Amino acid sequence: MDRLKCPSFFKCRQKEKVTASSENFHVGENDENQERGNWSKKSDYLLSMVGYAVGLGNVWRFPYLTYTNGGGAFLIPYAIMLALAGLPLFFLECSLGQFASLGVGITMVLISIFVTIYYNVIIAYSLYYLFASFQSVLPWANCSSWADENCSRKPIVTGCNVSTGAGEMFMNISWVNNKNFTCLNGSQVFRPGQLPSEQYWDKVTLQRSSGMDETGVIVWYLALCLLLAWLIVGAALFKGIKSSGKSMNLRKSAPTSQQLRNGFIFGVVVYFTALFPYVVLLILLIRGATLEGASKGISYYIGAQSNFTKLREAEVWKDAATQIFYSLSVAWGGLVALSSYNKFNNNCYSDAIIVCLTNCLTSVFAGFAIFSILGHMAHISGKEVSQVVKSGFDLAFIAYPEALAQLPGGPFWSILFFFMLLTLGLDSQFASIETITTTIQDLFPKAMKRMRVPITLGCCLILFLLGLVCVTQAGIYWVHLIDHFCAGWGILIAAILEIAGIIWIYGGNRFIEDIEMMIGAKRWIFWLWWRACWFVITPILLSLLEKAILVWSLVKFHRPDYADIPYPDWGVALGWCMIIFCIIWIPIMAIIKLVQAEGNILQRIISCCRPASNWGPYLQKHRGERYRDMAEPAKETDHEIPTISGSRKPE
C-alpha cells in the first residue's frame, strides 16, 4: 500500500537510516524507532494526551453548560455525543498518527497559530492574578481607590419616598442624604451594583477601553506576564532531554533523520502540569463541601434541580455535541502528532478510551468544585445560584475570584486556583506550539536542519509580538474576536473532511486493516460499532452539527460583542477574513494537486485520491505482506497511481 502524497513543493519526510548519536540525543537505545524515537513510557504518552485534551474549557465552560442545559439531564446527550462523535474521531486520529507518523494540514496549523496567540494571553491573565494573590488581602476583596460609585456587592439605592411637610414624595438618594431624610420602608428603588472583582477585572487588570475602535496603550504588566508565559513555553520546548528515570521523551519534534531530535519537556514538569490540576480540584471540592450553601450550588449543577424536559430542546443537543468536539481537541493536529511517537504495536484503542473518559470525568468533577463554592457565594450574598453563575472569562476572573475573596484564607485559595488555570493552559499550549514548530521543520527540512532551538524561540518571539495587540486596553475585544471566529467553523470543517478522506476516499475497511496490523486482528463484531460510526453516524452527525450551527447563527444572528459593547463593522469583517484565510487552503491545495496530476480530469481526480507510493508503516519490519512493495522516498514520484494490491505500474 502506498503513502498519501504530499504536493511536490511540500516534500515528504525522508527515511534514511541513522543511528542514535549525538545528533539524535533524544533517541534512546531501547527505542523501537531509532530514526524518530518513541515515548519513554506508556504513562508519558497518556499524561501528555490528557494534558492536551483537558484544558480551560473543562473548568470554565462545561459546568456552566451543564447548569444551563438541565443539570444532570445534560449528561445524557453529553454521553451520547461522546459515543457517536467524540470517541470515534479520537480513536481515528490516534490510529492514524501511530500507523504512519503524518504531519498536520495547513488549515489545522493556521487555526492553531491564531488560537495559540490568544490562548497564551489567557495564561498571562492567570499569571497576573496569581501574582496579585500574594497579598494578605486580595486586591479585589473590597472597593478600593480604583473603584467608582457603582462598586458594591449589594444593590444600590437610587431613590425612595420620603415624608415631607407637603406629603410623601419620591426623591433621589443624594437629595435624601444631603437633607438628612429617611427613606420610607419598602419605597427604595434599586439598581444593580458591580462586584469589586468585576471592576478590578475591567479597570485594573484590563484597563478596558470603550470598544475595539479605541486601542489605547499596551498594559505593561500584562505584556510582561505575556512575555513570561512565552518564556515558560519556549524554555519547556526549545531543548528537551531524555535521561533515564528523570525525564520523559514527550515529543520528538524532528520528523526526519536530518533534523535535530528534540524531546518536549522535562518529565517532572509534564507530570506536574498534568496531575496538579486534579489535586487542586480535589482540595477545592473538599473545602467547598464544608461551606454553607454548597449543597444548594451542587443541587443546581447536577442534583435535584435537574430539568429533564430540556432534552426536548435542540439547543441542548447542539451544546453537548459542540462541547464534546472541542473538549477532546480533535481535528487540531495535536492528537495525530503526539500519537506518531508511539511504538507500532501500542494499543491505541485502549488509549483512546482511557483519555476520552478521563477528559469527560474531569469536566464533571470540576463542576462539583466550582458549584460548591459558587453555592456558598450565593448563600452569603442572599442571591440565587443562577444570579452568581458565570461562564468563560466571567467565571475565571470575576465570579470565582469574588467567591474566593470571601473565604477565610482567601489568598491561599486564590493562589491554588490560578496556579491550576496556569498548569491547565500550559499543558494544552505545549502541544499546540510543538505542532507548529514541527510543521515548519516538515516543510523546510534542509533549511531547518540542526536549527531546533532558534526555530522554537523565534516562533515564540513572533507569536509574542503578534499577541501584543491582545494586551492593549482593547485587548479583550481581540481575544474574544479570535475565539469567536477561529475556534469554531474551521475545526469543524477540518474534522468533516478528515473523516471523509480517510473513510470514504482512502477506504474505511483498508484503514481498519491498518489498525489491526498494530493492535492485532479483531472479530467482526468488534468493528461493527466503529464501522457504523466512521462510515455513517459520525460524518452525518458532524454535517448536521455544522448545518445546525449555521442555521442557529442565521436565526439567532447578532453582532459579536463583549460586555454588551458591539464590535465595529471592520472587526466583524476581520474575523471572517481570519477564518476564511484558514479554510481556503483546503480547496487551494486540492486545485494544486489536480493541476500537477497527469491525464484527463477523471484520471487526475483518481490519482489525487489514491495513497502515495511511500504510504505505510515507518519501519520495514512492520510492513508485512500488505506493504512489502512500499516505495522508498528515493523512488517516489508525485501522483504515482498504485494498484489495489499495492504494486505500482511502471513509469
Side-chain angles (χ1 to χ4, degrees), residues 60 114-115 117-129 132 139-140 142-156 158 172 174 190-227 387-388 390-402 464-488 553 556-579:
W60 74 17
F114 281 115
V115 171
I117 290 173
Y118 86 82
Y119 205 79
N120 235 27
V121 174
I122 300 174
I123 295 176
Y125 293 156
S126 302
L127 281 170
Y128 174 77
Y129 270 83
W140 56 85
N142 301 293
C143 297
S144 300
S145 57
W146 39 262
D148 58 26
E149 67 277 2
N150 295 319
C151 184
S152 175
R153 286 194 171 92
K154 298 180 179 179
I156 300 172
T158 59
N172 65 61
S174 59
F190 298 92
R191 62 179 169 83
Q194 284 187 311
L195 293 172
S197 59
E198 183 178 356
Q199 290 213 348
Y200 184 84
W201 167 245
D202 286 332
K203 295 178 178 293
V204 180
T205 306
L206 302 177
Q207 296 185 26
R208 181 162 63 88
S209 65
S210 60
M212 198 172 182
D213 288 315
E214 184 186 348
T215 301
V217 299
I218 292 177
V219 182
W220 65 269
Y221 42 84
L222 286 183
L224 289 179
C225 289
L226 180 62
L227 177 61
Q387 295 176 282
V388 300
K390 304 287 184 181
S391 177
F393 291 99
D394 289 346
L395 171 65
F397 301 110
I398 297 178
Y400 213 73
E402 177 68 23
F464 163 71
L465 294 175
L466 292 174
L468 286 177
V469 69
C470 296
V471 291
T472 61
Q473 290 177 286
I476 190 66
Y477 303 107
W478 286 93
V479 170
H480 270 267
L481 182 75
I482 301 173
D483 180 58
H484 181 83
F485 284 98
C486 289
S553 300
K556 297 285 186 178
F557 177 78
H558 68 279
R559 182 180 293 270
D561 62 71
Y562 176 76
D564 296 325
I565 299 175
Y567 280 50
D569 291 338
W570 67 266
V572 177
L574 181 62
W576 283 111
C577 287
M578 285 190 293
I579 190 59

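As the structure is a computational prediction, the values presented were derived from the model and not from experiment.
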Audit row: Ile398, Phe393, side-chain contact (heavy atoms from CB on, under 4.5 Å) steps and yes/no: CA-CA 7 Å; Ile398 297 178; Phe393 291 99; over 6 Å; no
side-chain contact (heavy atoms from CB on, under 4.5 Å) for Trp478 and Leu574? Distances and angles first, verdict last. CA-CA 10 Å; Trp478 286 93; Leu574 181 62; 3.3 Å; yes
What's the separation between atom OH in Tyr118 and atom CG in Leu481, rounded to the nearest 0.5 Å? 11.0 Å
Do Asn142 and Pro196 have side-chain heavy atoms sitting under 4.5 Å apart? no
Trp146/Tyr200 aromatic ring centres below 6.0 Å: yes
How far apart are the closest heavy atoms of Met212 and Gly571, and which atoms are they? SD-CA, 4.2 Å
Classify the angle between the aromatic ring planes of Trp576 and Phe485 as parallel (below 30°), tilted (30 to 60°) or perpendicular (above 60°). perpendicular
Between Tyr221 and Gln207, do the side chains contain a donor N or O and an acceptor N or O under 3.5 Å apart? yes
Between Trp60 and Ala396, which heavy-atom pair has the shortest distance, and what is it? CE3-CB, 3.3 Å
Are the side chain of Ser209 and the backbone of Glu214 linked by a donor-acceptor contact shorter than 3.5 Å? yes
By side-chain hydrogen bond (donor to acceptor under 3.5 Å, both in side chains), which residues pair with Trp220, not counting sequence neighbours? none
Ring geometry between Trp140 and Tyr129 (parallel below 30°, tilted from 30 to 60°, perpendicular above 60°): tilted
Report yes if some heavy atom in the side chain of Tyr128 is under 4.5 Å from a heavy atom in the side chain of Val471; otherwise report no. no
Taking all atoms of both residues into account, what is the closest heavy-atom pair of Ile117 and Val121, and its distance? O-CG2, 3.4 Å
Applying side-chain contact (heavy atoms from CB on, under 4.5 Å), run through Arg208 and Trp201 and close with a yes or a no. CA-CA 9 Å; Arg208 181 162 63 88; Trp201 167 245; over 6 Å; no
For the student: nearest non-hydrogen atoms of Ala132 and Pro139, plus distance: O-CD, 3.5 Å
Please name all residues satisfying ring pair (Phe, Tyr, Trp, His ring centres under 6.0 Å) with Tyr567, sequence neighbours left out, ordered by chain then number. none
Note, Asn172 side chain near Thr158 side chain (heavy atom, < 4.5 Å): no
State, yes or no, whether a side-chain contact exists between Leu226 and Asn120 at a heavy-atom distance under 4.5 Å. yes
Determine the minimum heavy-atom distance between Ala124 and Leu222, stating which atoms define it. CB-O, 4.3 Å
Please test Tyr125 against Ile476 for side-chain contact (heavy atoms from CB on, under 4.5 Å), starting from the C-alpha separation and ending with a verdict. CA-CA 11 Å; Tyr125 293 156; Ile476 190 66; 3.8 Å; yes
So, do Val572 and Pro560 sit near enough that their side-chain heavy atoms are less than 4.5 Å apart? yes
Can you find a heavy atom in the side chain of Phe397 that is under 4.5 Å from one in the side chain of Thr205? no
With heavy-atom distances below 4.5 Å as the criterion, would you say the side chains of Leu195 and Arg153 are in contact? yes
side-chain hydrogen bond (donor to acceptor under 3.5 Å, both in side chains) partners for Asp394, two or more places apart: none
Kindly assign one of parallel, tilted or perpendicular to the pair Tyr562 and His480, based on the angle between their ring planes and the thresholds 30° and 60°. tilted
Hey, is the main chain of Asp148 close enough, under 3.5 Å, to the side chain of Gln199 for a donor-acceptor pair? yes
So do the side chains of Glu402 and Val388 get within less than 4.5 Å of each other, counting heavy atoms only? no
